[in-house]
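Note sheet for the following structure.
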Amino acid sequence: MEEKYSPKDIEQKWQMSWEKEKTFKAIVNNDKKKYYLLEMFPYPSGRIHMGHVRNYSIGDVIGRFKRMRGFNVLHPMGWDAFGMPAENAAIQNKSHPATWTYENIDYMRKQLKKMGLSYDWERELATCDLDYYRWEQQIFLEMYAKGLAYKKTSFVNWCPKCETVLANEQVEDGGCWRCDSEVNLKELDQWFFKITDYAEDLLENTYNLPGWPERVLVMQRNWIGKSFGCEIDFPIENTIESIRVFTTRQDTVFGATFMSLAPEHPMAMNITTTDRMADVSAFIEKIKKTDRIKRTAEDFEKEGVFTGSYCINPLTKARMPIFLANFVLMDYGTGAVMAVPTHDQRDFEFAKKYDLPLKVVIKPADVDLDPATIDQAFTDSGIMVNSGQFDGMQSDSAKEAIADFLQAEGHGAKTVNFRLRDWGISRQRYWGNPIPVIYCDSCGVVPVPEKDLPVVLPKDVAFTGEGGSPLALMESFVNCTCPVCGKAARRETDTMDTFVQSSWYFLRYCCPDFQDGILDREQVDHWMSVDQYIGGIEHAVLHLLYARFFTKVLRDLGHTNADEPFINLLTQGMVIKDGSKMSKSKGNVVDPDALITRYGADTARLFSLFAAPPEKDLDWNDQGVDGSFRFLNRIWKIVHENLDAIKAASPVNIASLTTEERNLRRAVHKTIRKVTEDVEERFHFNTAIASVMELLNTLQASSCDSAAVMKEALESVVQLMAPFVPHITEELWQRMGNCVPLSDTSWPEYDRNAVIDEEVLVVVQVNGKLRSKVTVAVDTGEEELKALAMADEKVLLFTEGKTVRKIIYVPGKLINIVVG
RNA sequence: GCCCGAAUGGUGGAAUUGGUAGACACAAGGGACUUAAAAUCCCUCGGCUUAACAGCUGUGCCGGUUCGACUCCGGCUUCGGGCACCA
């Protein structure tokens with residue numbers, strides 16, 4: 001009586017074995033090529049979800065495959081453990097964020113272990129561990145010393161529900177990325193990281209990351225938003241001051257007829273004349289009250305107010321009235337725009353509304369433009385007109401010429417401008433990494449000296465859920481002495497954005513226990529960069545940009561020599577059920593625990609890998625899971641049916657194989673080749689698994705009774721499936737009589753001789769349409785094959801009475817007879 | 001508006017360099033085994049025509065290149081994603 005496939009027992013057995021044998025412990029070994037594999041670490045929200053199952057299954061296939069291919073694999077796991085849900089849960093349950101977080105971690109670690117993932121658990125870290133965040137405080141201090149961390153007062157995005165600040169990257173469609181509440185503007189004194197210093201490096205290197213999906217790189221380039229243009233000074237009439245604008249369209253400067261300033265522009269009030277003061281103040285007040293989202297919507301009505309002052313167009317010497325305009329943004333360029341109503345749609349609408357002059361300076365090649373009759377701005381390139389010595393030039397080349405001219409005349413300079421803003425990292429929350437800074441009335445901002453680190457997040461805090469950060473209310477934390485003068489001082493109570501922790505965890509994984517500094521250079525130099533990073537596309541800009549920035553900062557601070565954190569990036573699709581993303585509110589959530597209890601981890605892994613290639617969305621289908629379970633049972637059964645034969649079998653004797661045996665071996669070795677290519681080069685696990693299914697079908701249909709060939713075939717099936725379903729294959733491998741665990745064996749190599757076809761199927765077309773198929777010996781000559789095809793009776797039906805014009809021959813594939 | 005991506009049976013998907021469209025699986029239908037059910041196994045399975053052999057047609061739509069197009073080119077449609085009063 002044959003034993004039934006019982007995932008529960010064998011999965012536990014092998015998980016314990018791997019743990020005991022430290023199978024996946026990563027140690028520096030210069031005899032092997034290193035391979036650093038990483039999946040985005042999870043937020044410990046309570047339980048893992050299907051997205052995790054998929055993400056980590058994909059990673060595990062790659063990890064186990066690379067290991068069997070002879071790489072020294074580093075595959076760590078940890079927890080992105082600071083963040084608001086912990087704090088909210090604490091308020092609700094009257095528990096402590098740390099308790100909540102560590103309990104969740106314990107539970108989720110068990111869940112992940114039940115999946116049989118090949119992690120080196122000894123490197124596990126949680127970002128809320130003092131041993132982790134203390135080094136991050138040190139990074140902060142080193143950045144502060146270099147001017148890469150600085151404080152400034154500015155208008156920041158404020159989420160009223162989370163009661164904290166958000167970075168630009170964390171505002172999506174005007175809402176908070178986490179809770180969706182409408183974000184408004186608040187003027188606050190905040191800490192920033194100077195990511196703009198790295199804008200050029202970050203942009204430039206997007207062209208140096210061939211292993212990243214193009215769309216992610218495009219998104220990052222858009223976000224960085226580099227544009228080439230000019231800064232031009234427009235002297236203010238009757239003063240010695242001038243207004244500096246940034247423009248990418250210096251070719252239209254002869255058409256600039258007025259000036260638009262952002263309402264927040266520092267010169268706004270200074271240049272306003274007494275008679276215009278009332279109107280201008282009213283306008284500025286109104287804009288302050290309008291929220292930013294509405295204000296920056298494209299269909300928002302363009303509005304402005306005249307300041308009473310004029311500036312002078314440096315090239316035409318024309319008097320240009322200076323307006324404040326609601327669509328001009330203070331935080332892009334210089335906060336001032338030279339208005340060219342004829343060649344910019346916004347300026348056009350503004351000019352029409354306030355009856356301002358229009359002057360055409362670029363026209364299409366074939367027609368003239370009349371400012372009196374045009375109904376929209378002409379924004380294309382064209383021929384220069386009304387532009388002095390530049391008339392007749394192509395506007396594209398005039399851009400260069402005018403820039404040079406402005407520069408030579410001292411009116412301006414060529415410049416580049418970035419859309420990227422500095423990263424605001426202050427968060428008015430408790431459950432985060434304290435910013436290690438002290439405020440002293442005498443000495444000002446004083447960084448906490450290195451010897452006083454870490455600034456420990458105090459545990460005994462009251463969570464009321466009201467009045468902002470609990471840290472600010474805690475006198476024992478706030479009150480301190482100034483490290484410089486020794487007088488009483490106050491501690492910074494803001495904590496760092498949680499994206500800071502995820503910006504360098506992959507570096508710390510290289511040396512999680514290092515106690516003498518931020519990073520152990522030797523370890524980091526050995527393992528970095530991450531060879532393969534895997535995670536969701538939703539971090540295309542946020543996390544993936546911050547992590548690149550941090551890597552470059554840490555490089556410049558001398559902690560790593562890596563320029564880029566992630567060589568290859570795989571962005572996996574979402575897990576969908578019944579047409580939409582799994583969510584509690586839609587009631588379409590599949591619980592990984594229930595799935596694993598019912599079918600085992602191998603089935604859960606197999607289905608999530610088989611149903612779609614990694615980068616596509618995966619449509620969850622309960623019946624499909626049954627199918628995967630069925631397939632594992634078939635493997636289980638066929639191996640057991642052949643167990644005695646396998647154990648008794650001698651090695652394959654290639655010289656004495658029958659045709660049937662050679663055919664079966666060919667199928668086996670072609671499958672080895674196919675699976676190897678699909679996994680190694682394309683990460684197309686679905687087709688790799690399909691080809692093993694095909695082989696199993698062939699095997700079951702075969703009448704081959706050679707124990708040697710059967711053994712080779714079944715051992716191959718088991719080895720090829722090992723990265724996908726590690727438990728069942730490990731068990732079968734052992735039952736087949738192998739002493740070395742499957743995870744310690746080498747990946748099978750296909751036999752180049754075995755895959756050579758003896759016969760080929762050649763498709764015969766007439767005028768490109770399939771008419772017949774012939775199977776011929778592989779060495780059949782071209783002429784012989786053509787004759788055979790021509791004589792084929794199905795072919796004759798379509799060629800009879802017609803002239804053969806030509807015959808296309810693709811060796812081993814097809815013959816196309818062209819008749820007419 | 002700009003930039004990316006996608007569209008293939010009832011469903012998920014395959015076709016890797018321009019060479020048999022629909023691999024593999026799910027669902028469905030039929031059959032075997034069983035007292036019965038489950039499990040398992042076998043057969044059918046894009047559409048139309050046909051008793052059958054077979055033929056025609058078919059990869060979002062319209063054209064083009066080619067002996068040959070899911071694949072390349074031009075033009076559209078729909079859906080998804082990103083950016084957007086960015087000067």
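So that the names make sense, note that chain A is the first sequence line, chain B the second, and so on, each numbered from 1.
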Spell out yes or no: do the side chain of [X] and the base of [N] have one donor N/O and one acceptor N/O closer than 3.5 Å?
| X | N | value |
| --- | --- | --- |
| A:Lys302 | B:rC85 | yes |
| A:Lys769 | B:rU57 | no |
| A:Asn222 | B:rC83 | no |

Which of these nucleotides, B:rC83, B:rC24, B:rC86, is closest to any side-chain atom of A:Trp223? B:rC83
Quick check on B:rG47: syn or anti? Syn means the glycosidic torsion is within 90 degrees of zero.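 Anti, which is what one calls it when the glycosidic angle falls more than 90° from 0.
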Does CD in A:Glu793 sit with more than 12 non-hydrogen atoms of other residues, nucleotides or ligands closer than 6.0 Å?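 No, CD of A:Glu793 has 12 or fewer neighbouring heavy atoms, counting only those of other groups under 6.0 Å.
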Remember a base hit wins even if backbone is also touched, and classify A:Lys794 as base, sugar-phosphate or nothing at under 4.0 Å, heavy atoms. nothing
Base, sugar-phosphate, or nothing for A:Gly627, non-hydrogen atoms under 4.0 angstrom?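 Answer is sugar-phosphate: A:Gly627 comes under 4.0 Å of backbone atoms only.
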If you compare every side-chain N and O of A:Arg346 against the phosphate oxygens of B:rG1 (OP1, OP2), does one of them come in below 4.0 Å? no
Does A:Arg630 make a side-chain N or O approach to OP1 or OP2 of B:rA39 shorter than 4.0 Å?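 So the side-chain polar atoms of A:Arg630 never come under 4.0 Å of the phosphate oxygens OP1 or OP2 of B:rA39.
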Parallel, tilted or perpendicular: which describes the rings of A:Trp636 and A:Tyr5, with under 30° parallel and over 60° perpendicular? tilted
Starting from the C-alpha separation in whole Å, work towards a yes-or-no answer on side-chain contact (heavy atoms from CB on, under 4.5 Å) for A:Lys670 and A:Arg673. CA-CA 5 Å; A:Lys670 279 189 171 178; A:Arg673 181 172 64 185; 4.0 Å; yes
Does A:Glu349 come within less than 4.0 Å of A:Lys353, counting only side-chain N to carboxylate O? no
